[in-house]
Colleague: 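Dropping a structure here in structure tokens format, bear with me for questions.
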Amino acid sequence: MATSAFARLPGFRDFPPEDLALRSHIQEAWRRVSRRYGFLEYDGPPLEPLELYVEKSGAEIAGQLYAFTDKGGREVAMRPEMTPSLARILGDRSRGMSKPIRWFAMPQLFRYERQQRGRLREHFQWNADIVGEDDVAADAEVLAVAIDGLRELGLTAADFRARVSDRRLLREVLRAQGVAEDRLAAAFGIIDKLERMPRDKARAALVTDAGLGAAEADALLDFFDSADIAAVQTRFGDRDEVGVELERLKQYVAALTAMGLGEYVEVDLRIVRGLAYYTGIVFELFDRQGELRAICGGGRYDRLLELVGGEPLPAVGFGMGDVVLGELLAERGLIPAYARSLDYFVVSISAEQRPEALRIAHALRDRGSSVAYSLKEQSVTKQLKAAAREGAREVLIVGPDELARGCVVARNMGSGGEREIALSELS
RNA sequence: GUGGGCGUAGCUCAGUUGGUUAGAGCGCCUGACUGUGGCUCAGGAGGUCGCCGGUUCAAAUCCGGUCGCUCACCCCA
């Protein structure tokens, strides 16, 4: 509605308290889980040099940047993702840091594209990364963080699943199926789109872009109908190169199973992910209903830090946005009701009690309680209505009779019961 | 960037083949109720009918454009 003279920019959100409550609910859960895993919080600038993204993330991302030329003639971009910033920050200081580095952030990210369901021009994204450890245990740890982030918000294995793959294994499978070295990138792109593409179109793409014969393409498509560990084993288990990669993926799944998270994990080699910098295990989290776009995506990116000019360090991490997650929580009825709350509301019977009421309110605030009172002189009825509206747990009624006896009346707003509190307890 | 659907009060919506001062519920404000909230009752504020133009004696209603929202495509954090 264009009632205001100044409308919001398309794709951007306002956060009045009732909406900020949901965002905080999500972010507090993310932060709790991050700390539980020993991750440290960091942040970076929301505006970065454009070139930080154009080469590193792939052409797809570069085309949809919120970018412009600043007053100093610099080409800049609102950050569309956090990983390049992380790589730069670590590039400057990782040499002096003990490994592995476990960091998390909750940046607001920006993309310039038309908004649609689950996708705005701005969102908050939880990032957690482990840098400096190439063992598959780090990959498992990172996925466990992501899964626990959702569990912390009340979601269960009935609500979402993690689909995992490994680009190294996929590469060996494609090679085994006859894809030439210089066609691997094209084949990756086709596999990534398999689920959104009609089968005959996929077959045609495999023939023209990946250089396969019609029979090979069909065989590959059959394989990707159920591209899990058993399928790989049955089909390509006799090849050593495949076996090595398969073993690592098995360890990955075994680690997550040992943590008790096995029911969340499904191996599916169709998961590739668009970003160019991923080098190993990749994963995406989806709602079980399959109605929403991916809730979370991540993987291993062992070359990125080096590309950005830092110490060559292996790394693995993920990003999880607040928009799709919020939709899933809403669908599952997991958004807590918004309610104002206050420990005390101080009511003055008349203007004469005002100074004493202010003194009491401030004494309670000094003790850490949340306290409010009517800012103008009002009838007791109105003050109580205000107290109820603001969610006060207890109302302190400061009246002449009680003050004369050295006390105030404390009214419990839930039960309606009243008791007296001595002024000596409120100093 | 392409295409579909939708724009009426703060919110959810009604508004008949175009017809006089555009309505309801919820919310908000005031009062009944200047020493006790939730309930009830009475009253009130709040609308360039997204915007611009056209057709017409007459437009919320029909037409065109535009902006916004939304869904899908493209693409994907």
Side-chain angles (χ1 to χ4, degrees), chain A residues 1-13 16 18 53 56-66 77-86 105-127 189 192-193 196-197 272-278 284-285 291-299 317-325 345 347-353 374 376-403 408-418:
Chain A
M1 213 157 308
T3 45
S4 169
F6 301 100
R8 244 177 311 140
L9 254 21
F12 286 80
R13 296 170 289 175
E18 60 272 24
Y53 306 109
K56 284 75 187 177
S57 302
E60 320 83 57
I61 246 186
Q64 294 168 331
L65 288 169
Y66 222 110
M78 305 284 282
R79 59 187 175 192
E81 55 165 338
M82 197 59 179
T83 307
S85 299
L86 171 65
M106 303 191 297
Q108 188 174 24
L109 304 179
F110 306 87
R111 303 197 79 179
Y112 195 89
E113 63 181 339
R114 191 174 261 195
Q115 64 167 311
Q116 54 184 296
R117 181 164 196 208
R119 201 153 202 213
L120 308 174
R121 286 184 170 178
E122 145 279 315
H123 74 157
F124 289 86
Q125 189 190 65
W126 180 30
N127 278 247
D192 189 36
K193 295 185 181 70
R196 308 187 289 267
M197 207 189 272
V272 177
R273 299 194 48 68
L275 291 181
Y277 52 64
Y278 286 116
E284 291 187 339
L285 269 46
E291 294 170 355
L292 308 172
R293 57 184 73 244
I295 306 160
C296 170
F318 69 82
M320 180 188 295
D322 70 318
V323 179
V324 178
L325 177 53
F345 194 98
V347 168
S348 314
I349 296 296
S350 67
E352 284 70 54
Q353 292 82 48
S374 293
K376 62 182 174 193
E377 208 181 328
Q378 281 184 316
S379 70
V380 172
T381 300
K382 290 213 172 163
Q383 293 182 67
L384 279 163
K385 277 184 181 167
R389 195 167 53 234
E390 298 196 28
R393 184 170 51 79
E394 213 163 34
V395 167
L396 301 183
I397 300 169
V398 185
D401 303 346
E402 291 83 1
L403 283 185
V408 300
V409 169
R411 178 180 177 83
N412 184 298
M413 293 299 274
S415 66
E418 295 188 352

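Every chain is numbered from 1 and lettered A, B, ... according to where its sequence line falls, protein lines coming before strand lines. Hydrogens, waters and symmetry mates are skipped; everything else that's a heavy atom, side chains included, is used.
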Colleague: How many Å lie between CD on A:Q64 and C1' on B:A77, as a whole number?
Modeller: 10 Å

Colleague: Classify the nucleic acid contact of A:L120 as base, sugar-phosphate or nothing, counting any heavy atom under 4.0 Å across all strands shown.
Modeller: base

Colleague: Nearest to the side chain of A:R111, which nucleotide is it out of B:U36, B:C76, B:U34?
Modeller: B:C76

Colleague: Distance criterion of 3.5 Å, no angle test: do you see the side chain of A:R119 paired donor-to-acceptor with the base of B:C76?
Modeller: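 Counting by modelled atom types and ignoring angles, a donor-acceptor contact under 3.5 Å is found here.
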
Colleague: Which part of the nucleic acid, if any, lies within contact of A:E402, taking any heavy atom under 4.0 Å across all strands shown: a base, the sugar-phosphate backbone alone, or nothing?
Modeller: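 It contacts base atoms.
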
Colleague: On a whole-Å scale, what distance lies between the P atoms belonging to B:G53 and B:C69?
Modeller: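 The answer is 23 Å between these two P atoms.
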
Colleague: Heavy atoms only, 4.0 Å cut-off, all strands: where does A:P10 land among base, sugar-phosphate and nothing?
Modeller: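 Result for A:P10 = sugar-phosphate.
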
Colleague: Between A:S415 and A:E377, just flag the one whose closest nucleotide in RNA chain B comes earlier from the 5' side.
Modeller: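 Its nearest nucleotide being more 5', the pick is A:E377.
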
Colleague: How about A:E377: does its CD atom have over 12 heavy atoms from other parts shown lying under 6.0 Å from it?
Modeller: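 Counting other residues, nucleotides and ligands, CD of A:E377 stays at 12 neighbours or fewer.
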
Colleague: Rounding to the closest angstrom, what is the interatomic distance between B:G37 and B:U16 at atom P?
Modeller: 45 Å

Colleague: Between CG of A:L65 and CZ of A:R79, what distance do you get to the nearest 0.5 Å?
Modeller: 13.5 Å

Colleague: Base, sugar-phosphate, or nothing: which does A:G416 touch, judged by heavy atoms less than 4.0 Å apart?
Modeller: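 A:G416: base contact, heavy atoms under 4.0 Å.
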
Colleague: Look at the side chain of A:E81 and the backbone N and O of A:L109, then say whether any donor-acceptor pair between them is shorter than 3.5 Å.
Modeller: no

Colleague: C1' atom, B:G3 versus B:G10: distance in rounded Å?
Modeller: 33 Å

Colleague: What is the distance from CZ of A:R196 to C1' of B:C73, rounded to the nearest Å?
Modeller: 12 Å

Colleague: Could you state the CZ-C1' distance from A:R117 to B:G4, rounded to the nearest angstrom?
Modeller: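 Spelled out: CZ on A:R117 to C1' on B:G4 is 18 Å.
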
Colleague: With A:D322, which of A:M106, A:H123, A:Q108, A:Q125 fulfils side chain to side chain contact (heavy atoms under 4.5 Å, CB included)?
Modeller: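 Filter result, single survivor: A:H123.
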
Colleague: For A:Y278 and B:C76, what is the distance between atoms OH and P respectively, to the nearest whole Å?
Modeller: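 Going from OH in A:Y278 over to P in B:C76 covers 13 Å.
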
Colleague: Of all the choices, B:G38, B:C73, B:U36, which nucleotide is nearest to the side chain of A:V409 once you look at every atom?
Modeller: B:U36

Colleague: Between A:R293 (side chain only) and A:R117 (backbone N and O only), is there a donor and an acceptor less than 3.5 Å apart?
Modeller: yes

Colleague: Please figure out whether A:K385 or A:F110 has its closest RNA chain B nucleotide nearer the 5' end.
Modeller: A:K385

Colleague: Is there a side chain to side chain donor-acceptor pair (under 3.5 Å) between A:Q353 and A:S350? Walk through the geometry before answering.
Modeller: CA-CA 6 Å; A:Q353 292 82 48; A:S350 67; 2.9 Å; yes

Colleague: Can you find a side chain N or O atom of A:R273 that sits less than 4.0 Å from OP1 or OP2 on B:A77?
Modeller: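 Yes, such a contact exists.
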
Colleague: Can you find a pair of side-chain heavy atoms, one from A:E352 and one from A:L403, that are under 4.5 Å apart?
Modeller: no

Colleague: Suppose you measure atom C1' in B:C39 against the same atom in B:A72; what distance do you get, rounded to whole Å?
Modeller: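 So the two C1' atoms sit 48 Å from each other.
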
Colleague: Pick the C1' atom in B:C13 and in B:A60, then give their distance to the nearest Å.
Modeller: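 That atom pair is separated by 14 Å.
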
Colleague: I need the residues from residues 388-397 of chain A with at least one non-hydrogen atom less than 4.0 Å from RNA chain B; give them sorted by number, or say none.
Modeller: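 Correct list: A:A388, A:I397.
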
Colleague: With side chains defined as the heavy atoms from C-beta onward, is the minimum distance between A:R389 and A:F345 less than 4.5 Å?
Modeller: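 A:R389 vs A:F345: side chains apart.
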
Colleague: Under 4.0 Å, heavy atoms only, any strand: does A:N127 hit a base, just the sugar-phosphate, or nothing?
Modeller: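 Nothing, no nucleic acid heavy atom in range.
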
Colleague: Measure the distance from CD on A:Q116 to P on B:A72 and round it to the nearest whole Å.
Modeller: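 After rounding, the reported distance stands at 6 Å.
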
Colleague: Using side-chain heavy atoms (C-beta onward) and a distance below 4.5 Å, is A:M320 in contact with A:L325?
Modeller: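 In short, these two side chains touch, coming nearer than 4.5 Å.
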
Colleague: If you measure from the P atom in B:U66 to the same atom in B:C74, how many Å do you get, rounded?
Modeller: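 Comparing P positions in B:U66 and B:C74 gives a spacing of 25 Å.
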
Colleague: Using atom CG of A:L325 as one end and atom C1' of B:A77 as the other, report the distance to the nearest whole Å.
Modeller: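 My rounded result for the distance is 14 Å.
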
Colleague: Once rounded to the nearest 0.5 Å, what's the spacing between atom CD of A:Q64 and atom CZ of A:R121?
Modeller: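 With rounding to 0.5 Å, CD (A:Q64) is 10.5 Å from CZ (A:R121).
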
Colleague: Whenever both distances are under 3.5 Å in a Watson-Crick or G-U wobble pair, mark it; put RNA chain B into dot-bracket that way, with [ ] for crossing pairs and | when the partner is on another strand.
Modeller: (((((((..((((.....[...)))).(((((.......))))).....(((((..]....))))))))))))....

Colleague: Counting the atoms with a prime plus P, OP1 and OP2 as sugar-phosphate, which does A:R411 contact under 4.0 Å by heavy atoms, base, sugar-phosphate, or nothing?
Modeller: base

Colleague: Side-chain N or O of A:Q115 less than 4.0 angstrom from OP1 or OP2 on B:U70?
Modeller: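 Yes, because at least one side-chain N or O of A:Q115 sits under 4.0 Å from OP1 or OP2 of B:U70.
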
Colleague: According to a strict under-4.0 Å criterion, is A:K382 in side-chain N/O contact with OP1 or OP2 of B:U30?
Modeller: yes

Colleague: Expressed as a whole number of Å, how far does the P atom of B:G50 sit from that of B:C11?
Modeller: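 Comparing P positions in B:G50 and B:C11 gives a spacing of 13 Å.
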
Colleague: Atom CD of A:Q378 to atom P of B:U36: distance rounded to whole Å?
Modeller: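 The distance from CD of A:Q378 to P of B:U36 comes to 15 Å, rounded to the nearest Å.
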
Colleague: Whole-Å distance between B:C74 C1' and A:R114 CZ?
Modeller: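 Result: 11 Å.
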
Colleague: Would the base of B:U36 count as contacting A:E418 through its side chain, where contact means a donor and an acceptor less than 3.5 Å apart?
Modeller: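 Indeed, a donor on one side and an acceptor on the other fall under 3.5 Å apart.
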
Colleague: For B:U56 and B:G68, measure between their P atoms and round to the nearest Å.
Modeller: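 Nearest-Å result for B:U56 against B:G68 at atom P: 31 Å.
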
